[in-house]
Amino acid sequence: GRPGSSNGAAGARVLRVAHALPTSHPVHLGIEYMARRAGELSGGRLRLEVFPSEQLGTETQCLEQAQAGTLAITKVSAGAIGNFVQSYRVFSLPYLFRDSDHLWRVLDGPIGRSLLDMLAVGNDGRPSGLRGLAFYDSGSRNFYASFPVRTPADLRGRKVRVMSDAVAMDAIRAMGGAATPIPWGELYTSLQQGVVDAAENNPPTLLSSRHYEVTRHFSLTHHMRIPDVLAASARIWDALSPEEQVWLQQAADESVAVQRQLWEEGTGQALAELRALGVEIHEVDPEPFRAAVAPVVAKYRQGVIDDLVRQIEAVE
Amino acid sequence: MDPAQQALGLAILVVSFMALLLLGTPIGFVIGIASVLAALALGYTDVLLSVARDLGNGLDNFALLAIPFFILAGDLMGAGGLARRLIDLATALIGARRGGLGLVNTLTCMLFGAISGSSAAAVSSIGSTMIPEMRRDGYPRDFSISVTAAAATTGLLIPPSNVMIVYAVVASNVSVGALFMAGVVPGIAVGLGIMITVLLLSVRHGYGGGTSTSVPPLGRAIARAAPSLLLIVFVLGGILGGVFTATEASAVAVLWALLLGVVFYREIPVRALPGIVLGSARTTGIVMFLVAASQVMSRILTQEQVPQAVSSALLGLSDNPIVILLTINLILLIVGTFMDMTPAVLVFTPIFLPVALSIGLHPLHFGILLIANLCIGLCTPPVGTVLFLGCSVGRSNVLSVSRSLIPFYVAMFVTLLLITYVPALSLWLPGVLGLVG
Amino acid sequence: MTDLRQLVARLLTAISVLVFVVLLIDVLWGVLTRYAFGHQAPWSEELARLLLVWLSMLGTALAYGQHSHLGVDILLQNITPEARRLAEIAIHAIVLAFVAAVMVYGGTQLFLERLDAGQVMATLPVRKAWMYLAIPTSGAAMTVFAFDSLVSALRGTTVAAPEV
Ligand code: NA
Ligand code: NA
């Protein structure tokens, strides 16, 4: 059979890994490392083929394929998982984590482990068809625009491009901006021509998308920290032998540290390059923004999400 | 995977594709069925469900929305009496002279094609008026059809253009707005090439003396055509002015065409609207099913890493970019003779774009090169939508028209070489507008 | 059978015109709300994609019902009428197999799988499965058309495309 996996010529098992980011991206480099380690650990019996840049579809489409067992592994933003596994909506909440250290203490601890386990259970309690392998770093989201964003007042009346996500849209509106769901592919022209006035993302993505060419100010609000998730297809995982499962999990675990290191370097480099390219980078006091989005957080703090938020807040 | 099984799977893909195509199966089904057979041979699991999913995923894309809207806008403008007004304007601009009507025909096709985004609409609506008039003015029938067919293809390069949207979607990360701007200069260049050919041939053979042409006063012609031309101003101005995205612009174009045809020109009765919408829905289905089916095949090609293989084969052929580009152009010209524009863009973009990028082409430039190339194919037998429409509107046969098209093929090919080797033709305008990202 | 074909064609006509009109209003509404109310309706973009999939699939069936899909007919034009009839039978049978197996069967499996997965759309309170339902729906209509065309071709009568 070939459920996103197949038997290679030398009897190696081939697993397809797909994601949406370009090959220069720290996430891709992390996945490449995982692929190399899986090959080494298994003595060549496990071979990971990586398809970057949406070659096999968008993030959501790849996740669907993994659920169905036609793709072995995918990298997806924890925010996008919220449509499949409701608990993951928690990650879309603005200022959920105090800082990067807080985020990693949560994800490296029992909450992170249980969130990865939760990935296996879909919205109505049935198996989701997924298996969480690891969390990857995706930094924090910050505003970029042709003007600095120092306080929520700076966003008043401005059209802000936002991901197609209910929580994110509410958060932008609470900060004073007009949330505009422009597709990613149209964002460069939209910023250039003024269809939207601002957008938000992490430093490496601002650099690789070249949106800095049309937005000269980058304001570090850190308003969202949404990690990436490496998810395997449960169907393909279950078809692996116990030792193959160990190799794969170990390769994923080892790649986490490497990816985080790459992310940190990538972020530093991106900020330095952006500065060299003439982008003004502003350190911002997050408190007024945090206060502005408090009603949004309150609105979505219900049921499982509320439990999770309380657990996360309790982590030192 | 097992190389023998992979070779067998890909052979099945190619052979069943060709066999089904020659049998006369509609191309969308050719692509879909060949892909299913290949997937089965390659040992993929859950083939039926996965193919159904790929069909859906191929359509689930906001940028593709512009396709039904530009189709509907074009249909509304066709029904709204746009052709006659544009012909009058072109006549008033060019006047009565040797080859005059031929030039008028070219210019009108460019204008209509530009506005409607459809070369098929241009050749049928302009051709049905212009070909008889050219005949009366002493132009040979096949020559008149040839001019119309060749000129109609420029509408795919001059924005708005549905095939550009298809390319932008397949190439990913290419902005539709920037691609639109990249097509302006090359589209006009192809039009000029055709006009020069018309003039040379008309002067040499003494076609058209302007006897039967009545030249309307320029002011009145402009006034009557202005509302239609405003569509371009609205669409491009709206995009450049940041009022809406290229995709949203297509919906605004429909609104404008509706107001024009129903309220302003009053040539479309309200009760005719459902029929027009229905026709556009059907055309949408034809284009979008091709888009969906191609998604299925392109997944197989990607998973089996065919583009990488083609790319390294082409790059191994020579390390000279000029030779590689010429090779790509020749392959595309052959493809264009037997494949229609949309399926060709869908199938060959993922294969050739990586090669083009690796020799330093900008994705906008490659898109324009690809479309300009396949435009020639629209006018060549055995498969050429524009050629066939021209022959049926002008009542002639495909072979004799193809013969009289030869000088126009040459003109289009020369322009194609210019577009290929002078990137500035494509990149200058979007660069000036700051759209080259 | 031809009665069924006409019924299906009429249903397709009505639904696709409706979907097209709603789609147009939705996209224009998105632009309008951005300027009139300062923020765009969050669901307009996702609803547009949902309707686009439906419009495309319904349009595909409409076009098939009227034999409007593009094909290469050099061979068909240069063979004897009897050979042409055989080729047409083959084409109808091949298309029937594709729409029945992939679009109706595979599409239904897909719809059920997505319904079961509980995946919801990001800004609309509906499941993603309803987007995919367009595929088996279109497939069912085309199955009717293809079967009808196949029977006609086997009987040696070519039925003109119904007025849609
Ligand atoms: Na055009
Ligand atoms: Na051709």
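Given the structure is predicted, the values throughout are model-derived calculations rather than measurements. Lettering follows sequence order; numbering is per chain, from 1.
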When every non-hydrogen atom of Gly56(B) is compared with those of Met131(C), the smallest separation belongs to O-CE, 4.4 Å
Looking at side-chain heavy atoms only, is the closest gap between Val51(B) and Met103(C) below 4.5 Å? no
Quick one: does Arg34(C)'s side chain get under 4.5 Å of Phe244(B)'s, heavy atoms only? yes
Region of Val36(B) in contact with chain C, defined by heavy-atom distances below 4.5 Å: side chain
I'd like to know if the side chain of Asn57(B) pairs up with that of Tyr132(C) as donor and acceptor (distance under 3.5 Å, no hydrogens or angles considered). yes
The test is side-chain contact (heavy atoms from CB on, under 4.5 Å); show your working for Arg282(B) and Thr60(C) and say whether it passes. CA-CA 7 Å; Arg282(B) 186 180 54 220; Thr60(C) 299; over 6 Å; no
Is there side-chain contact between Arg53(B) and Glu113(C), with at least one heavy-atom pair below 4.5 Å? yes
Looking at chain C, which one of Ala292(B), Gly275(B), Pro274(B), Gly32(B) has the largest number of heavy-atom pairs inside 4.5 Å, strictly under? Gly32(B)
Check each of Asn61(B), Leu64(B), Ile67(B), Asp60(B) against Leu52(C) using the side-chain contact (heavy atoms from CB on, under 4.5 Å) test, and report the only one that passes. Leu64(B)
For the pair Phe29(B) and Tyr64(C), name the ring-plane relationship: parallel under 30°, tilted 30 to 60°, perpendicular over 60°. perpendicular
Considering all heavy atoms of both residues, which atom of Met288(B) and which atom of Ser56(C) are nearest to each other, and what is their separation? CE-OG, 3.3 Å
Taking side chain as everything from C-beta outward and backbone as N, CA, C, O, which of these in Val19(C) sits under 4.5 Å from a heavy atom of chain B? Side chain, backbone, both or neither. neither
Between Leu23(B) and Ile91(C), which heavy-atom pair has the shortest distance, and what is it? O-CD1, 3.4 Å
Could you go step by step and tell me if Leu49(B) and Tyr105(C) meet the side-chain contact (heavy atoms from CB on, under 4.5 Å) rule? CA-CA 8 Å; Leu49(B) 191 155; Tyr105(C) 179 78; over 6 Å; no
Looking at every heavy atom in both Ser16(C) and Ala281(B), which two are closest together, and how far apart are they? CB-CB, 4.3 Å
What closest approach, in Å, do Ala251(B) and Val27(C) show between heavy atoms, and which atom pair accounts for it? CB-CG1, 3.7 Å
Using heavy-atom distances under 4.5 Å, tell me whether Ile135(C) contacts chain B through its side chain, its backbone, both, or neither. side chain
Using a 4.5 Å cut-off on heavy atoms from C-beta on, say whether the side chain of Leu51(C) contacts that of Leu65(B). no
Mind ranking Thr108(C), Val102(C), Val21(C) by heavy-atom pairs under 4.5 Å with chain B and telling me who comes out on top? Val102(C)
With a 4.5 angstrom heavy-atom cut-off, which part of Val287(B) approaches chain C: side chain, backbone, both or neither? neither
Report which part of Leu58(C) has an atom under 4.5 Å of a heavy atom belonging to chain B: side chain, backbone, both, or neither. neither
Taking all heavy atoms of Phe62(B) and all of Arg49(C), pick out the closest pair and write down the distance. N-CD, 3.6 Å
Winner by heavy-atom pair count (cut-off under 4.5 Å) against chain C, out of Pro68(B), Gly58(B), Ser50(B), Ser250(B): Pro68(B)
Taking the side chain as every heavy atom from C-beta outward, state whether Leu278(B) and Phe20(C) have any pair of such atoms under 4.5 Å apart. no
Per-residue tally against chain C (heavy atom, under 4.5 Å) across Val291(B), Thr284(B), Val277(B) peaks at Val277(B)
Counting only non-hydrogen atoms closer than 4.5 Å, does Val254(B) touch chain C with its backbone (N, CA, C, O), its side chain (CB onward), both, or neither? side chain
Where does Ser280(B) contact chain C at under 4.5 Å (heavy atoms): side chain, backbone, both or neither? both
Need one label for Tyr35(C): side chain, backbone, both or neither, based on atoms under 4.5 Å from any heavy atom in chain B. side chain
